[in-house]
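Remarks on the structure that follows.
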Protein chains: 4
Amino acid sequence: MASVAVLGASGYAGAIAATLVHRHPFFELRHVTARSESGAMLESIHPRTRVPLVLEEWDPAVQGKVDAALVCWPHRVSAPAVAALRERGVRVVDLSADFRLRDPAVYEHWYGRHGAPERFGEAVYGLPELYREAIVGAELVANPGCYPTAALLGLAPLARAGVIADVVIDAKSGVSGAGREPSRTTHFIAANENLTPYKVEGHRHTPEIEQELAVLGASLPVTFTPHLVPLAQGELVSSYVTPSRAVSDAELADLYREAYADERWVELTLGPPGVLEVRDTNYCRISVHVDGRTGRVLVFSAIDNLWKGAASQAIQNLNLMFERDESEGLQ
Amino acid sequence: MASVAVLGASGYAGAIAATLVHRHPFFELRHVTARSESGAMLESIHPRTRVPLVLEEWDPAVQGKVDAALVCWPHRVSAPAVAALRERGVRVVDLSADFRLRDPAVYEHWYGRHGAPERFGEAVYGLPELYREAIVGAELVANPGCYPTAALLGLAPLARAGVIADVVIDAKSGVSGAGREPSRTTHFIAANENLTPYKVEGHRHTPEIEQELAVLGASLPVTFTPHLVPLAQGELVSSYVTPSRAVSDAELADLYREAYADERWVELTLGPPGVLEVRDTNYCRISVHVDGRTGRVLVFSAIDNLWKGAASQAIQNLNLMFERDESEGLQ
Amino acid sequence: MASVAVLGASGYAGAIAATLVHRHPFFELRHVTARSESGAMLESIHPRTRVPLVLEEWDPAVQGKVDAALVCWPHRVSAPAVAALRERGVRVVDLSADFRLRDPAVYEHWYGRHGAPERFGEAVYGLPELYREAIVGAELVANPGCYPTAALLGLAPLARAGVIADVVIDAKSGVSGAGREPSRTTHFIAANENLTPYKVEGHRHTPEIEQELAVLGASLPVTFTPHLVPLAQGELVSSYVTPSRAVSDAELADLYREAYADERWVELTLGPPGVLEVRDTNYCRISVHVDGRTGRVLVFSAIDNLWKGAASQAIQNLNLMFERDESEGLQ
Amino acid sequence: MASVAVLGASGYAGAIAATLVHRHPFFELRHVTARSESGAMLESIHPRTRVPLVLEEWDPAVQGKVDAALVCWPHRVSAPAVAALRERGVRVVDLSADFRLRDPAVYEHWYGRHGAPERFGEAVYGLPELYREAIVGAELVANPGCYPTAALLGLAPLARAGVIADVVIDAKSGVSGAGREPSRTTHFIAANENLTPYKVEGHRHTPEIEQELAVLGASLPVTFTPHLVPLAQGELVSSYVTPSRAVSDAELADLYREAYADERWVELTLGPPGVLEVRDTNYCRISVHVDGRTGRVLVFSAIDNLWKGAASQAIQNLNLMFERDESEGLQ
């Protein structure tokens, strides 16, 4: 057994992460924290968690005694807490963006001043299907953003094969992606029966996608545009790839089968996937085919933004960090 | 006053078309027909229409006596009825795809054998903002498909300026676009909280978009992919244009202002439009900007698929055909 | 022509009220105000209004120069503004609860200290189908609450016939009823796919319903419980009446036909009404029947909470106050 | 280990039942059947099940070899299959209404001729919280209807205390309750943004509720009215009880605590429950209080209609029939 604290358990991803740890056969949920709702029971705020723990205020002397922590705080708030935990030897999965980027200037451009610059670059990028070996035994893992998770899983086989000349990524996400704070945007009346692009001038997941595509072999600027869709959880990424050479459906099928045949949490589908098929799971469903009239490669990848795009992927990483079965507690 | 028949008034677009004619100051709704629900009052099937007319069986000798008809039937069912109406001198707006395409071979490839080949090519393509002069006084108008309406209004200024080198069109539509027939796809449980691409191997609106883009000056194959979104009415088309030369936001703003400054039903917006803003109206809202990191031009166009994408655009066309104020009955 | 100001036009009901006045053939929309969003265009905040007026700060010297005002502010904020308008001779429809109740002690119990006690009791209760004569020519009309509107229209024929021995009122409303301020309750993720009773210990519309039932002939305490339903606009009130004597379906049909045969905005339906049938309209749909196994009378009444339950009913009242056709501007 | 067949696994409840058996530590899912979709994989029709079994045609010689069966077929179709299974000694939980009623005349009045009259009356009514002892070791269990489950759990403590003089039951259910067959009612466009009472002249769950209330001590006709709400899964039952004597909130709290303190799957809540809190679980959440102004007792009970109202309750029953821990496979 290893003891775990979940920091920021009152948010959507944090609440699910806490639930998954709470039910996990190996990990034991020792602490949950919240910044503005401390003192309340987690299950009184999120009844579906049925986690009867009191939300505590963050105090390194208290929560820093655990074996591992999942930090579910916003970027910039996260980094100092991660640093404090690491100093005490706590293994950390950070769900914020604070340790995902490798270039400090890029981080500063998109997010502002970093909260723990001395630790910048220490983390492993936690996309298990792509970087499993580096995650096993790691002490600090940066959990990927939801859009990068779906986009990268969808594009990785093409990037590795060196055939991406250009790519347009049109992404759609449910409203939980906008977080739990009430706002004009997340008001039921604003989101319901609506559908709108957002952050079209530049979304922070763009540099993250570009960084990892480059690692995989495709160095290029991408067009990435997210849209807000009236559903709670679910994310669909439609990627339109201009290939550097002609590819066939058969070649694509081989490429993706090879990449994901042994992956428990990636499902290749014949027709395009729907987000409901992966709701409340750690699965990513992917379909790929060539558009006969243009030669473009179309990749559709669907995840649950709060699960594979955040909380359950964090557990998957945590399992690997402790050299457990990667799927433990996720079935 | 001119008398009007609406054929296929039991469908979603037909019911709205009937309502708009019913309330119109110049047109008088004389007949409504339905194939499988004749005998019922339109308002008993569609209470929101509040049209107290009985749905009749289609009979050219009966409905053919009107001055004009809106034909809201599916493709292939529509053509013979249109032909019969035209023979009697009735002016027709056809909401099906039967008279939109100009190349019979293309029609046959996508839709099968045409139901009135002798009249193929007789119709004017009814997108008033682009082809107003040809519509005024026309006797047969092919009402555009919903996706082509939004896509073409969004892309026309770029096509005319000759700057489209390539384009990816990612479209999202509410469930009413799938029609009123109950099916696995339109079941509440299948569509609700879901989001899925469909007809990814090729959607029938693709050749229509390509045909009209060519007319406007951009001859190229396009990638067009629709997605089903859990809302009733509304359509958003996100177009990703690779320009043939660098363009600036200022140039784009001029281009679009010039194209649409005098257009009553096109609204240019600074931020990207949401479909709720045009719900139940004849408006098309468009935003356009350059993606700084790639140089691509991003165009977002939003319409109500049943209104500007079908029924209200049909009224707009009908007004023009009778040389009335184009906006009569639509405010 | 009469000039009109809409105070509180940035709220949901206020925005619709402003739109209806703006399009009205007799009234002219002169001013719109907002408390926290003044300076913005109404149509920039509520695109669907397409009202190109700037939201002003409330100033009796400015907006008090109109012929009439619709006050769409919350209770207690409304009363002083109403008083200031009345002092300047402006005719007022107040959409808040401030002038609905007739007993100051009851008001104070449910709402707190009144903001203009000297005018308490001056208003006519603005439910046109029940109190039309008193509204014609009135100078201050208290627009009914949404739940009382649907409940009273559903129960009035029974109350007048003296057959209500007891009644349970189970009401369901869409999320717009909770207002435009973002909150935990109105967050998409909290409301979507959820369904919950609220204010079960006592909702402020209870004394209003009881007061008017007493006026109509049924003095009794009622059980009234509202529920929040995941839709934008629409309200269904299910009333379960224990009759003081046996009644038959035939007698009920006569009673309701007699009451509403000449009412333009009340539709009696054979089967139970759905809220979608009255969406975006001033209609109230009602069905009534006897539960054979218990002898209870079941009445279902459906309205759009923002229209007949607020904004369009305010226009209906305004029309009557100015002795216009009651339905002007509402068709 | 005991082998299990799920008959009717292509329906919503059947698919969940199959999933729960598939993941169960003690039961082994051996067969799944479907009437019209046999030959397909269950997970191809219901991806969320991730049950890689082929749907078979019903054949007693094949599926009759298991230790237990869950029959998820409609009433009247179910009875003969149940009889055939029982003849082979298979223990059965029947999710249809065929074995719930105890009076054959009542069955025939509401459902028509029974399909296995010789076995009528053999079943135990499977509401574990009320009839646990009879279910342990039983060979045929009639799984309660969804509305009776919520209504009876909510009313049982009052019925047993003998204080129900009269009751109005206003129920609201998500669209999955209407089944998987596409229809006008379940079409997204008809259900979305709508809210409507249905079967107001009499719903088949009424006699079931009355029968079991009588068993619990309250013999009376009830008014029961269901409403269709635009959400997928979830059911809220609002019960308005006229007590035969005055009761206090304190007394109610004691009564319910006593009844349910040891019940794993019943949660008493202070405020009224929302259906989202029990989504995808076997929980029933109940709140109860006295309406101070009328003395009425208000009980709100929330379940997931497909889980506690069908599939998971069937597993709970199956566990008891095999003398396993009642909650096995449900956490």
Side-chain angles (χ1 to χ4, degrees), chain C residues 166-174 185 189-202 206-207 210 220-225 227-236 238-242 271-277 279 287-298 300 302, chain D residues 166-174 185 189-202 206-207 210 220-225 227-236 238-242 271-277 279 287-298 300 302:
Chain C
D166 198 3
V167 61
V168 167
I169 301 172
D170 183 293
K172 299 98 180 160
S173 173
T185 308
I189 301 302
N192 178 54
E193 292 291 300
N194 206 352
L195 166 60
T196 180
Y198 69 97
K199 295 217 179 116
V200 297
E201 303 289 347
T206 309
E210 287 179 351
L220 79 169
V222 306
T223 292
F224 167 69
T225 308
H227 298 71
L228 192 64
V229 177
L231 52 86
Q233 293 165 231
E235 192 169 291
L236 180 79
S238 308
S239 298
Y240 301 91
V241 175
T242 305
V275 299
L276 197 50
E277 301 160 20
R279 178 76 174 256
S287 80
V288 60
H289 76 281
V290 179
D291 176 17
R293 53 190 21 250
T294 62
R296 245 188 215 99
V297 179
L298 274 55
F300 302 102
Chain D
D166 198 4
V167 61
V168 167
I169 302 172
D170 183 293
K172 300 99 179 159
S173 172
T185 307
I189 301 302
N192 177 53
E193 292 290 301
N194 206 353
L195 167 61
T196 180
Y198 69 97
K199 297 219 179 116
V200 297
E201 305 288 349
T206 310
E210 287 179 353
L220 79 169
V222 305
T223 293
F224 166 69
T225 309
H227 299 70
L228 191 65
V229 177
L231 54 86
Q233 292 166 231
E235 193 169 292
L236 181 79
S238 308
S239 299
Y240 301 92
V241 174
T242 305
V275 298
L276 197 49
E277 301 160 20
R279 178 76 173 256
S287 79
V288 59
H289 75 282
V290 179
D291 176 17
R293 53 190 20 250
T294 63
R296 245 189 215 97
V297 179
L298 274 56
F300 301 101

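Within every chain, numbering begins at 1; the chains are lettered A, B, ... in the order of the sequence lines, protein sequences first and strands thereafter.
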**Prompt:** D:Val229, D:Val290, D:Val168: which one forms the most heavy-atom pairs within less than 4.5 Å of chain C?
**Reply:** D:Val168

**Message:** I'd like to verify something: which residue of C:Gln233, C:Glu201, C:Glu235, C:Glu277 has the highest number of heavy-atom pairs under 4.5 Å with chain D?
**Reply:** C:Glu201

**Asked** With only heavy atoms counted, which part of D:Arg293 is less than 4.5 Å from chain C, the side chain, the backbone, both or neither?
**Response** both

**Asked** Sequence neighbours excluded, which residues qualify as side chain to side chain donor-acceptor pair (under 3.5 Å) partners of C:Thr206?
**Response** none

**Toward chain D, the part of C:Leu195 with a non-hydrogen atom under 4.5 Å** = both

**Proximity breakdown for D:Ala190 and chain C, heavy-atom pairs closer than 4.5 Å** = backbone

**Asked** Looking at C:Asn192, C:Leu228, C:Leu236, which one has more heavy-atom pairs under 4.5 Å with chain D than the rest?
**Response** C:Leu236

**Contact leader toward chain D among C:Gly292, C:Gly202, C:Ala232, C:Gly174, where contacts are heavy-atom pairs under 4.5 Å** = C:Ala232

**Message:** Let's test your reading of the structure: which of C:Leu298, C:Thr225, C:Leu220 forms the most heavy-atom pairs below 4.5 Å with chain D?
**Reply:** C:Thr225

**Fill in**
Correct closest heavy-atom pair for D:Pro197 and C:Pro272 would be O-CG, 3.4 Å

**Complete:** The interface call for D:Val275 against chain C, heavy-atom contacts under 4.5 Å, is both

**Prompt:** Measuring heavy-atom distances to chain D, does C:Val200 have an atom under 4.5 Å in its side chain, in its backbone, in both, or in neither?
**Reply:** both

**Request:** For C:Thr294, check side chain to side chain donor-acceptor pair (under 3.5 Å) against everything at least two apart and list the hits.
**Result:** C:Asp291, D:Thr223

**Prompt:** Can you say whether D:Glu210 sits under 4.5 Å from chain C via the side chain, the backbone, both, or neither, judging by heavy atoms?
**Reply:** side chain

**Message:** Quick check: do C:Arg296 and D:Asp166 have side-chain heavy atoms less than 4.5 Å from each other?
**Reply:** yes

